[in-house]
Amino acid sequence: MNGNQSANVKTGVSRRNLVLNGIVILLCVGLCIQIVTFIREASDYLKAPEIDEAVLMQEISLQNYERLVENVYRNEALGVAAEGDMEQMNAAAYYYEAAMLYHAHKKAGNARQAEENYVRMQAYEAQLGEYAFVKEEIWEFLGMEPENIK
């Protein structure tokens, strides 16, 4: 009788181990599937399409400068060559970024950083071309007074 009980106990333990091993294997398979799905989605995100001039122009007309900066940097990361109007729209995005930083540093009392960003603003202002009108729009958008600049 002792031998039968020992066999039953061993069978119960081995069944339990088998079930636990099966659960572990299923969890590992599920984890692998999730990893593959994550990698596939991440690679799709990195293959974002380039932003064309029409979208950049729309961002400028809607005064959505944060999105303009984001799209310009996306194009840079994708290696899109900026020519003609696109160069001027990129300059508008960089001008906004420099003006925003200038305004923030000036309000915070960081004179050196404000001066550096003012120099950047002037450099990008020279590149604005036919988009020079955005300079005043950006000042208004940021709540900057033209007489207080510099």
Side-chain angles (χ1 to χ4, degrees), residues 11-150:
T11 305
V13 170
S14 66
R15 283 184 189 155
R16 188 173 348 147
N17 285 342
L18 183 63
V19 169
L20 290 175
N21 286 339
I23 290 172
V24 168
I25 290 171
L26 287 174
L27 289 174
C28 288
V29 168
L31 179 63
C32 289
I33 291 170
Q34 289 297 321
I35 289 172
V36 168
T37 303
F38 172 77
I39 290 171
R40 190 174 296 156
E41 287 180 10
S43 68
D44 286 344
Y45 177 75
L46 294 176
K47 294 178 188 173
E50 64 185 52
I51 307 300
D52 63 357
E53 286 184 27
V55 173
L56 296 178
M57 199 175 302
Q58 182 180 13
E59 300 300 348
I60 289 174
S61 67
L62 295 174
Q63 295 184 355
N64 194 354
Y65 298 112
E66 297 92 355
R67 185 73 176 208
L68 176 67
V69 171
E70 178 184 330
N71 288 333
V72 166
Y73 279 124
R74 173 177 284 156
N75 278 350
E76 271 187 18
L78 294 172
V80 176
E83 299 170 343
D85 279 355
M86 199 131 173
E87 282 180 316
Q88 296 171 5
M89 287 185 266
N90 287 1
Y94 299 137
Y95 184 87
Y96 168 76
E97 184 179 41
M100 179 202 44
L101 291 170
Y102 167 78
H103 185 57
H105 286 298
K106 189 165 182 173
K107 282 179 103 174
N110 301 328
R112 186 181 58 79
Q113 289 97 342
E115 178 64 29
E116 289 171 3
N117 285 294
Y118 181 75
V119 170
R120 286 181 54 213
M121 284 171 59
Q122 289 178 320
Y124 293 125
E125 182 179 347
Q127 299 171 18
L128 287 174
E130 65 185 58
Y131 291 91
F133 66 91
V134 300
K135 182 175 66 171
E136 287 83 16
E137 289 179 359
I138 289 172
W139 295 347
E140 185 180 327
F141 182 79
L142 294 173
M144 298 168 62
E145 299 294 328
E147 59 273 357
N148 292 336
I149 297 176
K150 185 65 179 153

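All values below come from the heavy atoms of this structure, side chains included, with hydrogens, waters and symmetry mates left out.
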Query raised in the report: Could you state the interatomic distance from CD (Gln58) to CG (Asp52), rounded to the nearest 0.5 Å?
Result: 10.0 Å

Requested in this report: Ignoring hydrogens and angles, tell me if any N or O in the side chain of Asn75 forms a donor-acceptor pair with the backbone of Ile51 under 3.5 Å.
Outcome: yes

Query raised in the report: How would you list, by chain and number, every residue that makes a side chain to side chain contact (heavy atoms under 4.5 Å, CB included) with Phe133, sequence neighbours excluded?
Result: Ile60, Tyr131, Glu137

Query raised in the report: So how far is it from Leu27 CG to Cys32 SG, rounded to the nearest 0.5 Å?
Result: 11.0 Å

Report task. Could you check Tyr96, Tyr65, Trp139 and say which one makes a side chain to side chain contact (heavy atoms under 4.5 Å, CB included) with Val134? Result -> Tyr65

**Report entry** Verdict with reasoning, Val72 to Met86, per side-chain contact (heavy atoms from CB on, under 4.5 Å)
**Finding:** CA-CA 9 Å; Val72 166; Met86 199 131 173; over 6 Å; no

Query - Minimum heavy-atom distance Asn117-Ala98, with the two atoms named - result: CB-O, 3.5 Å

Would you be so kind as to tabulate the donor-acceptor pairs closer than 3.5 Å made by side chains of residues 122-129, with sequence neighbours excluded?
from, atom 1, to, atom 2, distance (Å)
Gln122, NE2, Tyr118, OH, 3.2
Glu125, OE2, Lys135, NZ, 2.7

Query raised in the report: Is any NZ, NE, NH1 or NH2 atom of the basic residue among Arg120 and Glu97 found under 4.0 Å from an Asp or Glu carboxylate oxygen of the other?
Result: yes

Query - Glu116: salt bridge (Lys or Arg N to Asp or Glu O under 4.0 Å) partners, not counting sequence neighbours - result: Arg112

Report summary line: Rounding to 0.5 Å, atoms CG (Leu68) and CD (Glu70) come to a distance of 10.0 Å

Report task. List for me each residue that meets side chain to side chain contact (heavy atoms under 4.5 Å, CB included) alongside Val119, sequence neighbours excluded, and say none if there are none. Result -> Glu115

**Report entry** salt bridge (charged side-chain N to carboxylate O under 4.0 Å, His left out) partners of residues 79-93, not counting sequence neighbours, each pair once
**Finding:** none

Requested in this report: Supply the atom-to-atom distance Glu136 CD to Met144 CE, rounded to the nearest 0.5 angstrom.
Outcome: 11.5 Å

Report task. Keeping to residues at least two apart or across chains, list the salt bridge (charged side-chain N to carboxylate O under 4.0 Å, His left out) pairs with something in residues 24-35. Result -> none

Query raised in the report: When rounded to the nearest 0.5 angstrom, what is the spacing between CE in Met121 and CD1 in Ile138?
Result: 8.5 Å

Query raised in the report: Between Asn21 and Val24, is there a donor-acceptor pair closer than 3.5 Å when you use the side chain of the first and the backbone of the second?
Result: no

Report task. Report the distance from atom CG of Leu142 to atom OH of Tyr102, rounding to the nearest 0.5 Å. Result -> 11.5 Å

